[in-house]
Amino acid sequence: MPKIHSNEVLNRDFYARPTVTVARELLGKILVHKGKSARILEVEAYLGTGDRAAHSSRGRTPRTQVIFGPPGHAYVYLIYGIHECFNVVAEPEGTAGCVLIRAIENHDGPGKLTRAMEIDRSHYGADLTRGPITIHTGYIHNDEIVEVTPRIGIRQDTHLPLRYKLSSRFK
DNA sequence: GTCACGATTTGT
DNA sequence: CAAATCGTGACG
């Protein structure tokens, strides 16, 4: 019998690819934590080199070290002293690159989805292939398309098309 | 040690 | 449009 729907945890190889590829392919995947799960609807790619909007652009620091480490780990940081932002590390070990998760089903906004999923800085460096936070194979509906736009809220390299958003073909 | 600032959200 | 709120990184 053909499998019509799988629900497997994404493996290391999924993440060990170019950041833009990982970003685009994270759309429709399912974020799981503490018994809650929701599809990823919006992401942004932050590149390792030549991307001044990326935290990793000024090299390794205590905060950004995980971005240079092995792929498939969580980069979580505090923004504006208030909100936690959840990122997924991409690229092979030694190369920087990560994907900011901006929206999941029913929770639009980087700070809002982390609160909803109970993700915070205690998960910094967590291995997403092991848990407690995991990302699973998902689905994209036939009437959904991928929108590509500039990233939100940055002040440098503002025109790069690195934001990917799943939205209805109609609307 | 000090200090300016941010990949946001919320309220006026 | 402005406030909230604090860790980070640059500086020296």
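Here the structure is a predicted model, which is why all the values come from computation and not from measurement.
- Among all heavy-atom pairs drawn from R155(A) and T158(A), the shortest one is C-CG2, 3.7 Å.
- Put simply, the side chain of T129(A) reaches to within 4.5 Å of the side chain of Y15(A), judged on heavy atoms.
- Scanning residues 111-124 of chain A for heavy-atom distances under 4.0 Å to DNA chain B yields G111(A), K112(A), R115(A).
- Residues L78(A) and H83(A) have side chains not in contact (no heavy-atom distance under 4.5 Å, counting atoms from C-beta outward).
- If you walk DNA chain B from 5' to 3' and mark each nucleotide with an atom closer than 4.0 Å to a heavy atom of chain A, the marks span dG6(B) to dT10(B).
- Rounded to the nearest 0.5 angstrom, M117(A) CE and H123(A) NE2 are separated by 10.0 Å.
- Looking at E44(A) and R102(A), a side-chain N of the basic residue comes within less than 4.0 Å of a carboxylate O on the acidic one, giving a salt bridge.
- Taking NZ from K29(A) and CG from L166(A), the interatomic distance works out to 10.0 Å, rounded to the nearest 0.5 Å.
- Through chains of ILVMFWY side-chain contacts below 4.5 Å, F68(A) is grouped with V66(A), I67(A), Y75(A), Y77(A), I79(A), Y80(A), V89(A), Y124(A).
- Residues from residues 91-105 of chain A that place a heavy atom under 4.0 Å from any atom of DNA chain B, listed by number: C98(A), L100(A), R102(A).
- A heavy atom closer than 4.0 Å to some atom of DNA chain B occurs in Y46(A), A53(A), H55(A), these being the qualifying members of residues 38-55 of chain A.
- R130(A) meets the side chain to side chain donor-acceptor pair (under 3.5 Å) test with no other residue; sequence neighbours excluded.
- A distance of 9.0 Å separates CD in E42(A) from CD in E147(A), rounded to the nearest 0.5 Å.
- Every residue meeting the side chain to side chain donor-acceptor pair (under 3.5 Å) condition with K36(A), not counting sequence neighbours, appears here in chain and number order: E118(A).
- Ion pairing between D157(A) and R52(A) holds under the 4.0 Å rule for side-chain N and carboxylate O.
- In DNA chain C, consecutive stretches of 3 or more Watson-Crick or G-U wobble pairs with both distances under 3.5 Å are given as paired ranges: B:1-6 with C:6-11, B:8-11 with C:1-4.
- Sorted by first and then second residue, the ring pair (Phe, Tyr, Trp, His ring centres under 6.0 Å) pairs involving residues 145-171 of chain A (not counting sequence neighbours) form an empty list.
- Side-chain atoms of H55(A) and S57(A) include no donor-acceptor pair closer than 3.5 Å.
- A continuous path of hydrophobic side-chain contacts links V20(A) to V22(A) [ILVMFWY only; heavy atoms under 4.5 Å].
- Every residue two or more places apart in sequence or in another chain that forms a side chain to side chain donor-acceptor pair (under 3.5 Å) with E144(A) is listed here: R39(A).
- Straight-line distance between the P atoms of dT5(C) and dT2(B): roughly 23 Å, to the nearest whole Å.
- Within residues 69-88 of chain A, the residues that place at least one heavy atom under 4.0 Å from DNA chain C are, in residue-number order, L78(A), Y80(A), G81(A), I82(A).
- Interatomic distance, I101(A) CD1 to L31(A) CG, rounded to the nearest 0.5 Å: 7.0 Å.
- Rounded to the nearest 0.5 Å, atoms CG (L47(A)) and SG (C98(A)) are 9.0 Å apart.
- The outermost nucleotides of DNA chain C lying under 4.0 Å from heavy atoms of chain A, listed 5' to 3', are dA4(C) to dA10(C).
- Ion pairing of R121(A) with E84(A) is present here, as a side-chain N (NZ or NE/NH1/NH2) and a carboxylate O approach within less than 4.0 Å.
- With values rounded to the nearest 0.5 angstrom, K165(A) atom NZ is found 13.5 Å from I40(A) atom CD1.
- Using modelled atom types, one finds a donor on one side chain and an acceptor on the other under 3.5 Å when comparing E91(A) with T19(A).
- At the heavy-atom level, R63(A) lies under 4.0 Å from the strands shown only through sugar-phosphate atoms.
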